[in-house]
Amino acid sequence: MEKNPPLSKIYEALSAVADQRIDIQTDRAYVLSSDHAKRYTVKFLENGYSSNDNATLWQHYPGYPILAVMMIQGQLKIHEERLSWFRAVNWKQLNTKYKNQYDKAIAEFLEPFSEAVRSQIEDEVECLFHQLESMELTIKGNREPRNPQ
């Protein structure tokens, strides 16, 4: 992998998994955005993935659609009992509110949780980040339409 994603993309991926916004097909998956306005296409490559989300296309790291697919496929190990904390989070709205200052969006997301739960959430995200660091994957953008008819 050329570069690792910011932690915020792991939060977004966990929400996609928690909300069951991923549709796995034979050679690809479709991931619905947190505001349900876009549907991203993640294609399966021989040793990696391609996606048409902006992070993957322009920043060249795996965006949250790829990360969510990796979680569903078991490439990234998650604690399923923790997924409920990530349900129904509109990351698009939070990121827009804070002008893509992801740390501020994450801080607002974490605000209602107790210190103990916050610690578990942060541990989960860090653990997933460390799993990613050790992977050798090909990550590419693709030009599939975002809202196929």
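Atom set for the values below is all heavy atoms of this structure, side chains included, hydrogens, waters and symmetry mates excluded.
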Checklist outcome for this item: Output for pair (R28 CZ, S50 OG), nearest 0.5 Å, gives 8.5 Å

Checklist entry - Should D53 and Y64 be marked as a side-chain contact (heavy atoms from CB on, under 4.5 Å) after you check the CA-CA gap, both sets of side-chain angles, and the distance that decides it? => result CA-CA 8 Å; D53 66 281; Y64 80 87; 5.6 Å; no

Checklist entry - So do F44 and I24 actually touch side chain to side chain, heavy atoms under 4.5 Å? => result yes

Checklist entry - Are V89 and L110 connected in a single hydrophobic cluster, I mean Ile/Leu/Val/Met/Phe/Trp/Tyr linked by side-chain heavy atoms less than 4.5 Å apart? => result yes

Checklist entry - Which atom names give the shortest non-hydrogen contact between K92 and D35, and what distance separates them? => result CG-OD2, 3.3 Å

Checklist entry - Would you say E81 has more than 12 foreign heavy atoms packed within less than 6.0 Å of its CD? => result yes

Item to check | H130 NE2 to S134 OG distance, which is reported to the nearest 0.5 Å | outcome: 10.5 Å

Next on the checklist: Is there a side-chain contact between T41 and Q25 in this structure, where contact means two heavy atoms from C-beta onward sitting under 4.5 Å apart?
Outcome noted: no

Checklist entry - Does any non-hydrogen side-chain atom of L67 lie less than 4.5 Å from one of E12? => result no

Checklist entry - Step by step, would you call L128 with M70 a side-chain contact (heavy atoms from CB on, under 4.5 Å)? => result CA-CA 11 Å; L128 289 162; M70 291 175 70; over 6 Å; no

Checklist entry - When hydrophobic residues are tied together by side-chain contacts of less than 4.5 Å, even through go-betweens, does Y61 share a cluster with L132? => result no

Next on the checklist: Could you tell me if the side chain of Q75 sits less than 4.5 Å from the side chain of Q131, heavy atoms only?
Outcome noted: no

Item to check | Smallest separation among heavy atoms of G48 and L137, with atom names | outcome: CA-CD2, 4.2 Å

Checklist entry - Would you find a donor on one side and an acceptor on the other, under 3.5 Å apart, between the side chain of K99 and the backbone of T96? => result no

Checklist outcome for this item: Tightest non-hydrogen contact, residues A105 and N95, listed as CB-OD1, 3.4 Å

Checklist outcome for this item: Closest non-hydrogen atoms of K97 and E108, given as atom of the first, atom of the second and distance, are NZ-OE1, 2.8 Å

Item to check | Heavy atoms from other residues, nucleotides or ligands near CD of E80 exceed 12 (cutoff 6.0 Å) | outcome: no

Checklist entry - Is it true that L7 and I139 fall in one hydrophobic cluster, defined by side-chain heavy atoms closer than 4.5 Å? => result yes

Next on the checklist: Is there a continuous path of hydrophobic side-chain contacts, each under 4.5 Å between heavy atoms, that joins L32 to M71?
Outcome noted: no

Checklist entry - Under 3.5 Å, is there a donor-acceptor pair linking the side chains of D103 and Q101? => result no

Checklist entry - Between V17 and A68, which heavy-atom pair has the shortest distance, and what is it? => result CG2-O, 3.8 Å

Item to check | Under 3.5 Å: donor-acceptor pair, side chain of T56, backbone of G141 | outcome: no

Next on the checklist: Count I, L, V, M, F, W, Y as connected when their side-chain heavy atoms are under 4.5 Å apart, and connections chain through other members. Are F113 and L14 then in the same cluster?
Outcome noted: yes

Checklist entry - Do K43 and Y49 pass the side-chain contact (heavy atoms from CB on, under 4.5 Å) test, and can you show the C-alpha distance, the side-chain angles, and the key distance before you say yes or no? => result CA-CA 6 Å; K43 293 181 180 179; Y49 301 89; over 6 Å; no

Next on the checklist: As a test of understanding, state which of E144, K38, R39 forms a side-chain contact (heavy atoms from CB on, under 4.5 Å) with N52.
Outcome noted: E144

Item to check | Charged tip of K9 within 45° of Y102 ring normal and under 6.0 Å | outcome: yes

Item to check | Shortest non-hydrogen contact between W91 and S34, atoms and distance | outcome: N-OG, 3.0 Å

Next on the checklist: Let's go through I121 and F109 carefully: what are the C-alpha distance in whole Å and the side-chain angles of both, what is the deciding distance for side-chain contact (heavy atoms from CB on, under 4.5 Å) to 0.1 Å, and is it a yes or a no?
Outcome noted: CA-CA 11 Å; I121 290 171; F109 161 72; 4.2 Å; yes

Item to check | E124 side chain vs H79 backbone, donor-acceptor pair below 3.5 Å | outcome: yes

Checklist entry - Can you find a heavy atom in the side chain of Y40 that is under 4.5 Å from one in the side chain of I66? => result no

